[in-house]
Amino acid sequence: WQTFNQGDIRIRMVEYSAGYVANHWCSKGHIIYCIEGEMETELKDSRKFILKKGMTYHVGDGSNDHRTSSKKGCKLFIVD
């Protein structure tokens with residue numbers, strides 16, 4: 001992880017290895033841009049979304065609890 005903090009805003013470059021699965025539900029808001037690979041976001045209501053290279057994903061604080069996984073790995077740019 002590479003992280004930059006500016007006040008309450010955190011900017012990160014994150015790489016998830018193949019087989020990554022988050023071990024918790026997150027309620028924090030994010031803006032995510034997929035630089036490489038592919039990730040899946042699962043919402044607590046069972047909906048799932050695939051984020052591929054060049055795509056963005058956004059969720060507000062407390063609006064949809066979510067968790068992330070990546071079968072083949074991915075590199076992400078995240079603002080939260």
Side-chain angles (χ1 to χ4, degrees):
W1 292 31
Q2 297 174 350
T3 304
F4 172 77
N5 291 300
Q6 180 68 39
D8 291 340
I9 298 173
R10 178 175 61 167
I11 301 170
R12 302 179 282 159
M13 187 79 68
V14 177
E15 282 192 62
Y16 292 137
S17 57
Y20 170 80
V21 178
N23 63 358
H24 67 283
W25 290 100
C26 180
S27 60
K28 186 160 179 57
H30 308 286
I31 299 170
I32 301 173
Y33 174 73
C34 185
I35 298 167
E36 295 176 2
E38 185 176 295
M39 69 166 243
E40 179 177 273
T41 295
E42 177 184 7
L43 302 183
K44 215 167 192 179
D45 66 9
S46 300
R47 289 182 291 162
K48 295 181 180 181
F49 301 93
I50 300 294
L51 185 68
K52 297 180 180 183
K53 181 179 178 179
M55 295 174 72
T56 61
Y57 168 80
H58 54 85
V59 62
D61 284 344
S63 63
N64 283 307
D65 288 2
H66 53 279
R67 64 179 168 193
T68 300
S69 62
S70 182
K71 291 179 183 176
K72 297 180 181 179
C74 61
K75 186 173 187 179
L76 308 170
F77 179 79
I78 304 172
V79 178
D80 49 25

Please check this pair: side chain of N5 against backbone of R10, looking for a donor-acceptor N/O pair closer than 3.5 Å.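 Side chain of N5 to backbone of R10, a donor-acceptor pair under 3.5 Å: no, none is there.
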Contacts of type salt bridge (Lys or Arg N to Asp or Glu O under 4.0 Å), residue D45, not counting sequence neighbours: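 D45: salt bridge (Lys or Arg N to Asp or Glu O under 4.0 Å) contacts with R47.
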Measure the [atom1]-[atom2] distance between [X] and [Y] for me, rounded to the nearest 0.5 Å.
X   : Y   : atom1 : atom2 : answer
K53 : M55 : NZ    : CE    : 14.0 Å
F49 : T68 : CZ    : OG1   : 12.5 Å
S69 : N23 : OG    : CG    : 12.5 Å

Partners meeting side-chain contact (heavy atoms from CB on, under 4.5 Å) with M13 (sequence neighbours left out):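 For M13 the side-chain contact (heavy atoms from CB on, under 4.5 Å) partners, ignoring immediate neighbours, are Q2, I35, K75, F77.
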Holding to side-chain contact (heavy atoms from CB on, under 4.5 Å), I want the full list of residues that pass it with S17, two or more places apart in sequence or in another chain.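 Expected list: none.
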Show, in sequence, the C-alpha distance, side-chain angles and deciding distance for Y57 and T41, and conclude whether the side-chain contact (heavy atoms from CB on, under 4.5 Å) test is met. CA-CA 9 Å; Y57 168 80; T41 295; 3.3 Å; yes
Under a single-linkage definition using a 4.5 Å side-chain heavy-atom cutoff for Ile, Leu, Val, Met, Phe, Trp and Tyr, are [X] and [Y] assigned to the same hydrophobic cluster?
X   : Y   : answer
V14 : I11 : no
M39 : V79 : no
V59 : I50 : no

Apply side-chain contact (heavy atoms from CB on, under 4.5 Å) to the pair L51 and I32, showing each step before the final yes or no. CA-CA 9 Å; L51 185 68; I32 301 173; 3.7 Å; yes
A side-chain contact here means heavy atoms from C-beta on lying under 4.5 Å apart; do I9 and F4 qualify? no
Report the C-alpha separation of Y33 and H58 in whole Å, then their side-chain angles, then the decisive distance to 0.1 Å, and conclude whether the side-chain contact (heavy atoms from CB on, under 4.5 Å) test is met. CA-CA 9 Å; Y33 174 73; H58 54 85; over 6 Å; no
Can you pull out every salt bridge (Lys or Arg N to Asp or Glu O under 4.0 Å) where at least one residue sits in residues 14-38? Sequence neighbours excluded, please. none
For Y16, all residues meeting ring pair (Phe, Tyr, Trp, His ring centres under 6.0 Å), sequence neighbours excluded: Y20
For the residue pair R67 and A22, what are the closest heavy atoms and their distance? CB-CB, 4.1 Å
With sequence neighbours left out, write down each residue that passes side chain to side chain donor-acceptor pair (under 3.5 Å) with H30, or none if nothing qualifies. H66, D80
